[in-house]
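Encoded as structure tokens, here's the structure I'll be asking about.
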Amino acid sequence: MNRSIYSLVIGVSVLMSGCGGNNDLPSVVVPDDYVYEGQEPDRPAIAADTLYNREAVIPPQCYTKTEGVNNPCYTCHQTYSDPDRPNSMSDGFLQGDYNFSELGTHNHWTNLFVDRRDEIADISDSEIESYIDTDNYSDFIERLKDDEEWSGPIPEIQDLAEGAEAFDERGLARDGSGWVAFNYKPLPSTFWPTNGSTDDVMIRLPEPFRVAACGTDTDEFSQDVYFTNLALLEMAMGDMDTVSTPPIDENNVCADLNHDGMLGEVTRIQRREKYVGGAAGESVERMSYPEGTQFIHTVRYVGIEGDEIRPSRRMKEVRYMKKVTSYSVAELSSLYGNEHQEKLDGNLPAYSDHGDKGLNNGMGWEVLGFIENSQGELRKQTYQEQMFCMGCHATIGTTIDQTFAFPRKVAGAEGWGYIDLRGMPDAPSLGQLKGEILEYLERAGGGNEFRENPEMRARWFNDDGSVKVDDVAAADVYTLIAPSKERALALNKAYKVIVEEESYVYGRDATVVPAVNVYRDVDPDGVPPLESASRVQNRDIRLDW
């Protein structure tokens, strides 16, 4: 059975049957010219209730050495000329700026500087393949449901470990839960499979958005109503006037969705001011989700099926978000202004802990995370571990209502269904001409934020460091960002070492050897500033499909 979102035969031959011994790791994992002279970091065991890193919202990528010209920062830190954009963080000035608090100048993500080659050599290929192909999600859900003390949400989708099999052709969960999978382009570059993880994202709108308000099925679930409202939300996120949809019977919605003066089956609808069905009184707000919207995001190992890359059954993390408060543009502007002032005052970040519901990000969302324990079973993340999530889902300028994936959905009807990168074009960001991945490789100077992915360098860069523009432009997204089998195996093993240590407070990046292009400590006045020519403004995470 094909559970793959990344199921395309990799055009790179498998060089070896296993990764054993320091000298046996292939160059797609450790480059032949690799040299590191630093010392092994001290990583003492830390109690779960200890707040080790008050600046955990600064992700590891922010410590990358830009050398004045390499800019991976622009994907998160942006300033826009649109005065009505709800996200008014306007933090484009942070690109390559290292504008940290005194505490933040020390890179607490010391897992980046650990040499794991010996540990990897002790894990056989068959062992890691068996491990990542084991479902740890289903038992986790049952434990939550049986836990009488658990008061938080249960992020349940039946058969979710099986990926695409849990959803129908429209992406609607087969279990009747109302969760919908959508196809989207992973944000450069943390969630590129070549850098160690696969993932998927599902959305669920509140019940009124899923039920009919007319006809004989009033107050009953209606696919026509639901996918109309999902399409209206998609248009609100993308500033679109029209969008294609799966076939929708307007008679079941009791609305002329394409404005042709008749009620019938349509496959394209127009922008509306109000949602339909049970949510007919709700206004469609630009770049804003309805209150009560939920997301499930699963982060997985790089699954392997033959020479093909797919999401693993085993999950590294299950992440859940719920919008609990809706704010107006004016209210959001005030909240972002407060955040600016907090930074100017040098105050360290803090978030309201809602227990089993997760942390409140201060912008209307509760964020809850689960992660593997040392035996590979999913458990709730600690406050410290969940602070890591706030680095992306709180106050950075590029997000749209605190999210990334849904605004990057493949446009229209083709975007409903489980994530599948096969054949997906390298669509440019809105307002840009070059493919987004091509643009990223040129701006970041490498295949990940740290410029330490040797396989990406060999595939897509010339010897002089320039990008193979024609080759990148001719490839689909899968071909561009799927790793070879040997690289996938090594990264899976590296992450399993971190799992066995449960050393997440020191970082979650699946690195094999110590990072070279990353600062262990930053002297903001002593590092070269990012040159103006390398800075990027008005870069949109949304895509021109």
Considering non-hydrogen atoms only, spot the tightest contact between I304 and I132 and give its length. N-CD1, 4.4 Å
Using the ring of Y74 (Phe, Tyr or Trp, six-membered ring only), decide whether R539 places NZ or CZ under 6.0 Å from its centre and within 45 degrees of its axis. no
If you define the side chain from C-beta out and look only at heavy atoms, does anything of T511 sit under 4.5 Å from N111? no
How about Q341: does its CD atom have over 12 heavy atoms from other parts shown lying under 6.0 Å from it? yes
Quick one, I396 and D91 - any side-chain contact, counting heavy atoms below 4.5 Å? yes
Which word best sums up how the rings of Y63 and F100 line up, parallel for under 30°, tilted for 30 to 60°, or perpendicular for over 60°? tilted
Under-4.0 Å salt bridge between R310 and D133: yes
Taking atom NZ of K434 as the centre, report whether more than 12 heavy atoms of other residues, nucleotides or ligands fall under 6.0 Å from it. no
Would you say the rings of H297 and F191 are close, in the sense that their centroids are separated by under 6.0 Å? yes
Should N183 and K409 count as side-chain neighbours, where that means a heavy-atom distance under 4.5 Å? no
Between Y506 and H108, does the ring centre distance come in under 6.0 Å? no
Test: D540 and R85 ion pair at under 4.0 Å: yes
Taking the side chain as C-beta and beyond, is there a heavy-atom pair between S27 and P454 under 4.5 Å? no
Do Y418 and F182 have ring centroids that are under 6.0 Å from one another? no
Between D32 and R457, is there a salt bridge with N-O shorter than 4.0 Å? no
Taking the basic N atoms (NZ, or NE/NH1/NH2) and the acidic carboxylate oxygens, is any pair closer than 4.0 Å for E436 and R443? no
Is E40 close to F113 at the side-chain level, that is, under 4.5 Å between some pair of heavy atoms? no
So, W192 versus Y440, ring centres under 6.0 angstrom or not? yes
Salt bridge between K485 and E308, side-chain N to carboxylate O under 4.0 Å? no
Are S374 and E501 packed together at the side-chain level, in the sense that at least one heavy-atom pair is separated by less than 4.5 angstrom? no
Report yes if some heavy atom in the side chain of V367 is under 4.5 Å from a heavy atom in the side chain of Y351; otherwise report no. no
Considering all heavy atoms of both residues, which atom of N136 and which atom of G376 are nearest to each other, and what is their separation? ND2-O, 3.1 Å
Checking D200 against R300 for the salt bridge (Lys or Arg N to Asp or Glu O under 4.0 Å) test, could you report, in this order, the C-alpha distance in whole Å, the side-chain angles of both residues, the deciding distance, and whether it holds? CA-CA 8 Å; D200 55 25; R300 309 186 187 214; 2.9 Å; yes
Considering all heavy atoms of both residues, which atom of T194 and which atom of A482 are nearest to each other, and what is their separation? CB-C, 4.5 Å
Counting only heavy atoms not in D464, do more than 12 fall under 6.0 Å of its CG? yes
Counting the benzene-type ring for Trp, do W109 and Y504 have ring centres under 6.0 Å apart? no
Would you say the rings of Y519 and Y98 are close, in the sense that their centroids are separated by under 6.0 Å? yes
Looking at E317 and R319, is any side-chain nitrogen of the basic one under 4.0 Å from a carboxylate oxygen of the acidic one? yes
Evaluate the side-chain contact (heavy atoms from CB on, under 4.5 Å) criterion for residues S429 and R542: first the C-alpha distance (whole Å), next the side-chain angles of each, then the deciding distance (0.1 Å), finally the verdict. CA-CA 6 Å; S429 297; R542 299 174 298 178; over 6 Å; no
Report the C-alpha distance between N70 and T66 in whole Å, list the side-chain angles of each, state the deciding distance to 0.1 Å, and finish with yes or no for side chain to side chain donor-acceptor pair (under 3.5 Å). CA-CA 5 Å; N70 301 296; T66 70; over 6 Å; no
Please test E119 against K493 for salt bridge (Lys or Arg N to Asp or Glu O under 4.0 Å), starting from the C-alpha separation and ending with a verdict. CA-CA 8 Å; E119 288 90 340; K493 294 174 184 180; over 6 Å; no
Show, in sequence, the C-alpha distance, side-chain angles and deciding distance for D426 and D476, and conclude whether the side-chain contact (heavy atoms from CB on, under 4.5 Å) test is met. CA-CA 6 Å; D426 182 21; D476 67 355; over 6 Å; no
Count the heavy atoms of every other residue, nucleotide or ligand shown that sit under 6.0 Å from CD of E414, and state whether that count exceeds 12. no
Has K316 got its NZ or CZ under 6.0 Å from the middle of the six-membered ring of Y301, at an angle within 45 degrees of the ring axis? yes
Is D33 atom CG crowded by more than 12 heavy atoms from other residues, nucleotides or ligands, each under 6.0 Å away? yes
Side chains of N448 and Q61 in contact at under 4.5 Å (non-hydrogen atoms): no
